[in-house]
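Chain letters run A, B, ... following the sequence lines, proteins first, then strands; residues in each count from 1.
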There are 2 protein chains.
Amino acid sequence: MKRITLKDIAKKVGVSQMTVSRVLNNRPDVNPQTRDRIQEIVSEMGYVPNTNARALKGAKTNRIGIVVSDIRNPFYSELVGDLEDIAGEYGLSVIVTDTNKRLETEVSAIRVMELNSVDYMILAPEGYKTEHLDLLYEKGFEFLSFGVHFEDKNYPEVYTDDYEGGKSVGSYFAELGVKKPLLIMGNPRKLNTIDRESGFLAGFEESGGDTSGVNIEHLSVNVELSEQYFLEKKEHITFDSVFCYNDLMAMGAISAFRKMGIQPGKDIPLIGYDDVFYAKVMGLTTVRIPIKEMIRKSVEIINEGKNEKVQFKTQLIIRETA
Amino acid sequence: MKRITLKDIAKKVGVSQMTVSRVLNNRPDVNPQTRDRIQEIVSEMGYVPNTNARALKGAKTNRIGIVVSDIRNPFYSELVGDLEDIAGEYGLSVIVTDTNKRLETEVSAIRVMELNSVDYMILAPEGYKTEHLDLLYEKGFEFLSFGVHFEDKNYPEVYTDDYEGGKSVGSYFAELGVKKPLLIMGNPRKLNTIDRESGFLAGFEESGGDTSGVNIEHLSVNVELSEQYFLEKKEHITFDSVFCYNDLMAMGAISAFRKMGIQPGKDIPLIGYDDVFYAKVMGLTTVRIPIKEMIRKSVEIINEGKNEKVQFKTQLIIRETA
DNA sequence: CTGAAAGCGCTAACAA
DNA sequence: TTGTTAGCGCTTTCAG
């Protein structure tokens, strides 16, 4: 499988490699006729530049990496899908790595990115440790933190206001007249958890709810664990409404409820978070995170080399489950 | 951001680059003491080999590419997730590309793989055109076709027996005593469609069903289209059971049924295909494709440079919807 | 067991 | 406007 190289083109056209290189890189200083001839041969021979050689010279690889915690979570697969679409518009390739929700692998995921010399990384980190981000920053890697906000760090970020997101659910529950909401949250050290939770409490109280009736449970973010939690509570249900950390955990609740003969929405209001595609399919009330817009902004930041922190707004989407 | 190179290590240890290279590539012909010293310095300095330089020399990049038609489809995101996990065990990086279900982009996806000089590609093709596979084959690329079987082509494949899969559903429906099954299938030129469909008919007939009662509809593979189809039929339901091309389309049916007040399983048996994770969450009866085993086999084929066609068996998983 | 030299494909810097 | 030279980091080949 011999690939066509610059040299092959140069020989065929009868010019130097350099002239071909100039044409390929759209440099202005080439005779228009030579340019045309070269372009013709290039497409005729189906030349594809060797990114490795380019990278070796220190040029851009046009590869961007994304590190997500679990590609199987539709939130992330939608994220990756959107990134693929938008990066494609800019002629960028995407390299994906999954950390399986573990921090150690987050470090090795970053190593994969280094191995493949991506120009830029998008990190959707687990959210409460920043050592590896700091390390990356010190090493001079270009990256952007997606979905989590660290006030005191000065790397670029694209994230949502989780406090407001939680608040919208708290208020809505209070307006519904709910007395004993159960919050199924994630790791209590995650900033996302903290924000959604405290936002909820603030919103609930502000709209007239009594926060002493609120119960909070912290689980690993996982459909099965969430389902199991509810199944175990079967006999002693002490809540009259449920707010889950994300749609995945809400799906666990739906699954358990179906087995328990509880109809979400009719019997017990249930709200998730993220607004993944399946939330719509299942009629799940949830808090929408505008992924596509956020990714578009991210690629823009990457492309223009900006260093900004951009916050997006969430939106409560009311469907059948609440 | 200066990266540590072989030269840096060599200088520090006081040997030639070559010796360091030998150690890094686990060559036997190095003095054990020298080896130890080098390994120590390597990890001390946090050396990461430059894959680009390696690739330039024609060595392996340890990158494998996967081209899927829609990363947002949980079938594919699970596929990618499993591939990441298993490839990771082998020290391989994964490059993902999404074709948005269009063939043109399937060609450009392959170009991305070429650009990134992957050692091997896994193609989960759209399934009825083979030109680009043939092209790839002629060009000498190493790849494997995942999920689709072309009898007369001689590239490696890992696929399932869709005819048998469809048959198991046909038989089951016949045993259920169903009279007018509706099949919501995909593009009628896709081999997967053809096999699932003809398998169904064969199974239905074999188990005593009357195939003249069977209705077949071909739609683009898409949740919304499927949902819409059922919503439009609201007033004139002419079927007493439904078999969908995949779980995604079955979810569209579930969504529509919920709005129509139909309970799948109770009122109308509904069966999907793939057994994506959410099928379990939703209690959907479906045909299981053993993705993880198939991916493991694929990586094995890749790793050992085999050229075989391996067929996996599907399994009907009975849950609440049928 | 170890090293020196050459070259993979490309582009930056300089020369013509 | 075009060409020449050098070198990115690595590994292969051939000599020690």
Side-chain angles (χ1 to χ4, degrees), chain A residues 1-39 41-42 45-63 91 93 111 114-119 140, chain B residues 1-39 41-42 45-63 91 93 111 114-119 140:
Chain A
M1 182 189 117
K2 177 149 175 13
R3 260 166 72 155
I4 311 287
T5 71
L6 264 195
K7 206 192 251 171
D8 299 326
I9 307 278
K11 198 178 292 170
K12 183 122 181 186
V13 182
V15 291
S16 75
Q17 289 186 45
M18 209 40 232
T19 306
V20 181
S21 173
R22 283 189 180 100
V23 172
L24 292 170
N25 291 289
N26 287 313
R27 297 296 175 72
D29 49 357
V30 179
N31 181 311
Q33 288 166 30
T34 322
R35 157 166 277 128
D36 289 348
R37 280 247 315 297
I38 292 176
Q39 271 164 344
I41 302 293
V42 161
M45 299 183 76
Y47 169 76
V48 177
N50 185 322
T51 309
N52 302 301
R54 266 201 184 146
L56 197 52
K57 278 300 280 184
K60 295 251 172 213
T61 55
N62 294 328
R63 293 198 269 257
S93 306
R111 188 161 185 281
E114 200 174 350
L115 268 174
N116 293 297
S117 37
V118 298
D119 294 336
Chain B
M1 185 188 114
K2 175 141 178 21
R3 259 166 73 155
I4 312 288
T5 72
L6 263 195
K7 205 193 252 172
D8 300 327
I9 307 277
K11 199 177 293 172
K12 182 121 177 187
V13 182
V15 292
S16 75
Q17 290 185 44
M18 212 33 239
T19 306
V20 181
S21 175
R22 284 193 179 96
V23 172
L24 291 171
N25 290 290
N26 289 313
R27 298 294 176 71
D29 50 355
V30 180
N31 179 313
Q33 288 165 32
T34 323
R35 158 166 277 125
D36 290 349
R37 279 250 312 300
I38 292 175
Q39 271 164 345
I41 303 293
V42 161
M45 297 182 78
Y47 170 76
V48 177
N50 185 325
T51 309
N52 301 302
R54 260 198 192 151
L56 199 52
K57 278 303 277 183
K60 295 254 174 212
T61 54
N62 294 327
R63 292 198 269 255
S93 307
R111 188 162 185 282
E114 201 174 351
L115 267 174
N116 293 297
S117 37
V118 299
D119 294 337

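For the side chain to side chain donor-acceptor pair (under 3.5 Å) test, no residue two or more places apart in sequence or in another chain qualifies with A/Thr51. Every residue meeting the side chain to side chain contact (heavy atoms under 4.5 Å, CB included) condition with B/Lys12, not counting sequence neighbours, appears here in chain and number order: B/Ile41, B/Glu44, B/Met45. Shown here are the side chain to side chain contact (heavy atoms under 4.5 Å, CB included) partners of B/Lys60, two or more places apart in sequence or in another chain: B/Asn62, B/Asp119, B/Glu142. Partners of B/Arg37 by side chain to side chain contact (heavy atoms under 4.5 Å, CB included), not counting sequence neighbours, listed by chain and number: B/Val13. In this structure A/Asp36 satisfies the side chain to side chain contact (heavy atoms under 4.5 Å, CB included) test together with A/Gln39, sequence neighbours excluded.
With rounding to whole Å, B/Asp8 atom CG is found 8 Å from D/dG9 atom P. Distance B/Asn31 CG to D/dG16 P: 22 Å, rounded to the nearest Å. In this structure, CD of A/Gln33 is placed 14 Å from C1' of D/dT2, rounded to the nearest angstrom.
Among the protein residues, A/Asp29 comes within range of the nucleic acid bases, having at least one heavy atom under 4.0 Å from a base atom.
Taking the nucleotide of DNA chain C with the nearest heavy atom to each of B/Leu56 and B/Pro32, the more 5' of the two is matched to B/Pro32.
A/Thr19 has a side-chain polar atom (N or O) that falls below the 4.0 Å cut-off from OP1 or OP2 of D/dG3.
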Please tabulate, for the side chains in residues 22-32 of chain A, all donor-acceptor contacts under 3.5 angstrom to protein atoms that are two or more places apart in sequence or on a different chain.
unit_1: A/Asn25; atom_1: ND2; unit_2: A/Ser21; atom_2: O; d: 2.8
unit_1: A/Asn25; atom_1: ND2; unit_2: A/Ser21; atom_2: OG; d: 3.4
unit_1: A/Asn31; atom_1: OD1; unit_2: A/Gln33; atom_2: N; d: 2.7

Tell me which donor-acceptor pairs under 3.5 Å the side chains of residues 52-59 of chain B have, and how far apart each pair is, sequence neighbours excluded?
unit_1: B/Asn52; atom_1: OD1; unit_2: A/Arg63; atom_2: NH2; d: 3.1
unit_1: B/Asn52; atom_1: ND2; unit_2: A/Ser117; atom_2: OG; d: 2.5
unit_1: B/Asn52; atom_1: ND2; unit_2: B/Asn50; atom_2: OD1; d: 3.4

Exercise for review: Classify every nucleotide of nucleotides 10-16 of chain C by which part a protein heavy atom approaches to under 4.0 Å, writing B for the base, S for the sugar-phosphate alone and - for neither, in 5'-to-3' order.
Suggested key: BBBB---

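Between the two ends of the helix from C/dC1-D/dG16 to C/dA16-D/dT1, each summarised by a five-pair axis, the helix axis turns through 40° (rounded to 10 degrees).
Smallest separation of non-hydrogen atoms from B/Ile9 and B/Tyr47: CD1-CB, 3.9 Å.
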